[in-house]
4 protein chains.
Amino acid sequence: MAPDPSLHLPGHPPGHLHDKRERILDAAQKVFSEKGFYNATVEEIADLASIGKGTVYLYFKSKVEILVSLIESRIKEIKALILQESRRPTTVGERVRNIITMQFSFYSLYKDFLKVFLSEIGEISGEFGQRLARARADLIETIDDILKSEIEKGNLREFASRIIAYALMGATNAVAFEWLVKENKDPDEECISQLCDFCLYGIAGAPPRHERLFKEAI
Amino acid sequence: MAPDPSLHLPGHPPGHLHDKRERILDAAQKVFSEKGFYNATVEEIADLASIGKGTVYLYFKSKVEILVSLIESRIKEIKALILQESRRPTTVGERVRNIITMQFSFYSLYKDFLKVFLSEIGEISGEFGQRLARARADLIETIDDILKSEIEKGNLREFASRIIAYALMGATNAVAFEWLVKENKDPDEECISQLCDFCLYGIAGAPPRHERLFKEAI
Amino acid sequence: MAPDPSLHLPGHPPGHLHDKRERILDAAQKVFSEKGFYNATVEEIADLASIGKGTVYLYFKSKVEILVSLIESRIKEIKALILQESRRPTTVGERVRNIITMQFSFYSLYKDFLKVFLSEIGEISGEFGQRLARARADLIETIDDILKSEIEKGNLREFASRIIAYALMGATNAVAFEWLVKENKDPDEECISQLCDFCLYGIAGAPPRHERLFKEAI
Amino acid sequence: MAPDPSLHLPGHPPGHLHDKRERILDAAQKVFSEKGFYNATVEEIADLASIGKGTVYLYFKSKVEILVSLIESRIKEIKALILQESRRPTTVGERVRNIITMQFSFYSLYKDFLKVFLSEIGEISGEFGQRLARARADLIETIDDILKSEIEKGNLREFASRIIAYALMGATNAVAFEWLVKENKDPDEECISQLCDFCLYGIAGAPPRHERLFKEAI
DNA sequence: AATGAATGAGTCTTCATTCAT
DNA sequence: GATGAATGAAGACTCATTCAT
């Protein structure tokens with residue numbers, strides 16, 4: 001059973017944002033998502049945030065600073081949620097399901113962010129590119145740590161946790177992107193369930209049982 | 001055992017490119033990869049292809065046309081290779097391994113392309129964005145078809161193949177990107193093996209064995 | 001013998017500035033001198049004057065008003081000093097030397113002003129440009145009057161005093177700028193003496209033979 | 001007797017400028033002169049040169065590069081003319097007169113340049129400021145060398161030539177600026193003569209006694 | 001076909017100035 | 001009076017694209 005995401009997700013729904021910095025980030029998220037970073041203009045972001053163009057620069061040094069701050073900020077949020085979920089006492093299977101489900105809920109709330117997050121892999125370089133890479137690595141490490149801990153406890157089969165952390169993240173993001181962003185659907189029990197099964201059997205599966213597969217010629 | 005990628009990969013090694021169009025695509029791949037689409041300039045691409053800036057426009061209508069053509073072209077190649085691999089008679093397990101291994105070999109040869117491919121998810125919109133989406137969808141469908149066929153034959157457990165196609169592709173791309181592009185390593189037996197195990201148990205895994213997991217409280 | 005400049009120079013040493021308007025002018029002088037008028041920002045000036053940015057506008061209508069007021073104010077000071085010096089009873093030669101020496105002392109105290117004064121010849125136009133031109137012309141006229149009077153008294157040869165007033169001022173400013181601002185040296189007896197000789201006798205005239213001038217009291 | 005300036009001045013009168021780089025410099029000279037460097041816009045310069053805004057950047061890296069190139073280029077011209085004049089065999093007095101007269105002719109042709117030259121003393125800093133300073137210093141050194149040589153030959157009294165080089169330049173520029181730029185008059189025999197007398201004999205020196213100088217051929 | 005000089009639309013960014021507190 | 005957050009006008013500069021050669 002999936003956890004109720006609304007209970008854990010950050011408490012600043014649109015319309016309740018008194019903080020101007022947050023208003024800018026929210027506007028940027030939307031505009032970057034719609035047009036991509038380079039086709040978005042600072043003026044558009046300012047307009048959407050209902051502030052003057054110059055005001056943006058009181059809160060962020062540059063356009064790319066907005067992007068990086070946005071991603072860092074959201075990744076920090078989702079990382080916290082994942083950690084929280086990972087500590088809830090339950091079975092491994094349930095725990096993995098909860099984490100994946102929670103990510104779907106988060107991405108569902110921040111559909112725009114998911115698109116931005118996945119789009120800016122190669123566009124930004126230099127100092128800011130490094131900050132982005134660090135944020136990404138931070139998230140992967142969180143997953144990695146959880147996997148390691150479960151393997152240690154014998155709850156999961158032995159595998160190279162860091163590689164699989166990337167695989168898990170890649171699988172989840174790809175499905176979430178397709179489902180939530182491209183097809184713009186709501187998080188769907190069946191879809192999540194399919195993804196969870198794939199991931200779980202992948203990380204929990206018993207190799208010996210599968211040797212069989214390699215003997216069935218086709 | 002992994003297939004020898006060199007036997008199957010496209011036959012236009014550098015230095016053998018008579019076609020100017022291909023020279024442009026190759027140059028664009030490198031430049032886009034290094035700087036990102038928006039920070040790359042047509043002049044750089046032309047310089048790298050050793051042709052005049054104006055000449056580029058004899059072969060491509062616009063800069064974004066180069067990007068889209070590049071991705072379409074490479075996806076067509078990799079799709080053909082996947083199909084080829086999928087038809088080789090062997091066990092399912094071996095077949096999946098071969099396909100994944102082959103993708104690693106391809107991406108290893110076209111590291112630059114992998115970066116470009118993953119970077120431009122959200123940057124391009126309009127007509128060209130649609131062409132990119134179609135190319136991506138085409139590749140997914142190829143995977144989907146293979147999965148469907150294996151499920152039908154009873155070689156894999158039942159699952160929603162399209163969703164899992166995204167998951168597989170996402171997992172593979174994420175690992176390949178991290179391994180080949182970010183850390184710039186060569187394709188590595190162990191890494192590929194880890195990824196294959198994850199994917200195989202994921203798609204072939206036996207649910208019964210896992211029910212257990214959900215009973216182990218922690 | 002050079003006059004003691006400290007005796008004649010304006011009486012508002014730093015630290016004793018109660019007037020906020022004066023604080024702004026002093027800060028502006030420094031900032032304009034360091035960065036030039038257009039690269040200076042009102043905020044910097046306000047910061048240096050330890051007041052709020054908005055407060056500046058309580059004392060000056062605009063940034064250019066600060067510049068013009070500064071120059072008008074300093075020119076008024078130096079004009080007064082020149083007049084004062086011109087009235088001290090002594091020989092013409094000594095009087096000219098005293099005036100030039102006094103200018104050096106003034107510029108030495110207000111190095112920053114000298115740079116500002118010489119830099120803004122062409123940058124400001126319109127109403128403010130006219131105010132600057134008037135201030136400059138006022139200073140020239142003061143010199144002109146002194147020259148005229150000395151010529152009348154037969155203390156100097158006959159020449160077109162207004163033209164030579166410009167020449168004198170140009171020569172003095174150029175040397176003072178190079179010496180005090182560019183090379184940041186202290187006023188130097190020898191340097192001033194060289195300049196005075198030049199002004200009095202030119203490059204071909206024979207100073208020794210003119211000692212006579214210094215014996216004619218007035 | 002003043003030399004015929006038209007014979008020595010550079011041979012590219014307006015309207016005969018085929019070179020685009022020169023067209024830009026000429027346009028910049030005019031625009032910078034009218035509005036000052038910071039109030040001039042690149043677009044204005046381009047318009048006046050009848051080229052596109054972007055074209056300017058094919059010839060100059062930046063706006064400030066235009067200014068510095070302009071000043072460097074003009075100073076090189078005037079320096080060559082001064083040297084040329086300094087080598088013509090005649091008396092010292094005549095030579096000095098010729099040099100000053102020639103400067104007036106040059107500035108008369110390039111009134112706009114004179115204003116630009118005098119205006120940008122303090123506005124430009126960094127690398128470009130240094131290039132400007134070097135150009136200025138180069139011109140001063142040329143004068144300095146001539147003075148030194150004449151002193152050596154005993155044609156002029158002994159003085160610190162470098163200081164007086166600044167004084168001479170300052171006096172000439174100040175008078176030229178007032179006469180040619182501010183009052184927009186043509187070079188005037190009487191005005192130049194007054195300035196020359198001042199430079200040669202100062203305000204106290206006795207011109208008649210020096211007639212001798214004009215009889216010493218060299 | 002091939003070229004690259006020329007173009008100008010488009011955007012980030014700065015900063016003087018205002019005004020609500 | 002003092003303040004500094006907010007503003008938006010303005011301009012340098014880039015670069016995809018064109019076109020005369």
Side-chain angles (χ1 to χ4, degrees), chain A residues 20-21 23-24 35 37-47 49-67, chain B residues 20-21 23-24 35 37-47 49-67, chain C residues 20-21 24 35 37-47 49-67, chain D residues 20-21 23-24 31 35 37-47 49-67:
Chain A
K20 216 163 279 193
R21 192 174 191 275
R23 280 236 304 276
I24 296 170
K35 313 236 180 166
F37 176 71
Y38 282 99
N39 287 315
T41 71
V42 173
E43 188 156 29
E44 239 176 325
I45 295 172
D47 285 352
S50 305
I51 58 172
K53 199 187 345 176
T55 309
V56 172
Y57 288 87
L58 295 180
Y59 295 89
F60 298 93
K61 273 206 282 280
S62 66
K63 186 186 173 190
V64 72
E65 249 271 332
I66 305 176
L67 175 70
Chain B
K20 217 166 273 192
R21 191 173 192 278
R23 283 233 305 274
I24 296 171
K35 314 233 181 165
F37 177 71
Y38 281 98
N39 288 313
T41 70
V42 173
E43 189 157 28
E44 267 176 308
I45 295 172
D47 285 353
S50 305
I51 59 171
K53 201 190 339 179
T55 310
V56 171
Y57 287 85
L58 297 178
Y59 293 89
F60 298 93
K61 271 206 283 281
S62 67
K63 185 187 175 189
V64 72
E65 248 272 329
I66 304 176
L67 175 71
Chain C
K20 219 167 274 193
R21 192 173 191 278
I24 295 171
K35 313 231 180 169
F37 178 71
Y38 282 98
N39 289 313
T41 69
V42 173
E43 189 157 28
E44 268 175 309
I45 295 172
D47 285 353
S50 306
I51 58 170
K53 200 188 341 176
T55 311
V56 172
Y57 288 85
L58 296 178
Y59 294 89
F60 298 93
K61 270 207 285 280
S62 66
K63 185 186 174 190
V64 73
E65 249 271 331
I66 304 176
L67 175 71
Chain D
K20 215 162 280 191
R21 191 173 192 277
R23 280 235 304 277
I24 296 170
V31 178
K35 314 235 180 166
F37 177 71
Y38 281 99
N39 287 315
T41 72
V42 173
E43 189 157 26
E44 238 175 326
I45 296 172
D47 284 352
S50 305
I51 57 172
K53 195 189 349 174
T55 309
V56 172
Y57 289 87
L58 296 179
Y59 294 88
F60 298 94
K61 274 206 282 281
S62 64
K63 186 187 173 189
V64 72
E65 249 272 331
I66 304 177
L67 175 71

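Order of the sequence lines fixes the chain letters, A, B, ..., with proteins taken first and strands second; residue numbering starts at 1 for each chain.
Under the 3.5 Å distance criterion, the side-chain polar atoms of D/K63 are matched with a main-chain donor or acceptor of D/A40.
Mapping heavy-atom proximity under 4.0 Å, the span of DNA chain F touched by chain D runs 5' to 3' from F/dG11 to F/dT14.
For A/K63 and B/I51, each mapped to the nucleotide of DNA chain E holding its nearest heavy atom, the one lying further toward the 5' end belongs to B/I51. Nearest-nucleotide positions on DNA chain E for A/Y38 and C/N39 put A/Y38 closer to the 5' end. Residue whose closest nucleotide on DNA chain F sits further toward the 5' end, between B/K61 and D/V64: D/V64. Across the interface with DNA chain F, nearest-nucleotide mapping of B/V42 and D/V42 shows D/V42 to be the residue nearer the 5′ end.
Take A/F37 and apply the ring-ring contact (aromatic ring centres under 6.0 Å, His included) test, not counting sequence neighbours, and it matches A/F32. Here D/N39 pairs with C/Y38 under the side chain to side chain donor-acceptor pair (under 3.5 Å) rule; sequence neighbours left out. Under the rule for a side chain to side chain donor-acceptor pair (under 3.5 Å), B/T55 has no partner lying at least two apart in sequence or in another chain.
Atom NZ of D/K53 is separated from atom CG of D/D47 by 9.5 Å, given to the nearest 0.5 angstrom. One distance of note links CZ of D/R21 with CG of D/L58; it measures 12.5 Å at 0.5 Å rounding. With rounding to the nearest 0.5 Å, the separation of CD1 in D/I24 from CD1 in D/I51 is 3.5 Å.
Rounded to an integer number of Å, the gap from CD of D/E43 to C1' of E/dG10 is 12 Å.
Across all strands, D/A46 comes closer than 4.0 Å to no nucleic acid atom at all (heavy-atom distances).
Near DNA chain F, meaning a heavy atom under 4.0 Å away, the residues from residues 52-60 of chain C are C/G52, C/K53, C/G54, C/T55, C/L58, C/Y59.
Where pairing requires Watson-Crick or G-U contacts shorter than 3.5 Å, the helical stems of DNA chain F with at least three consecutive pairs are E:2-21 with F:2-21.
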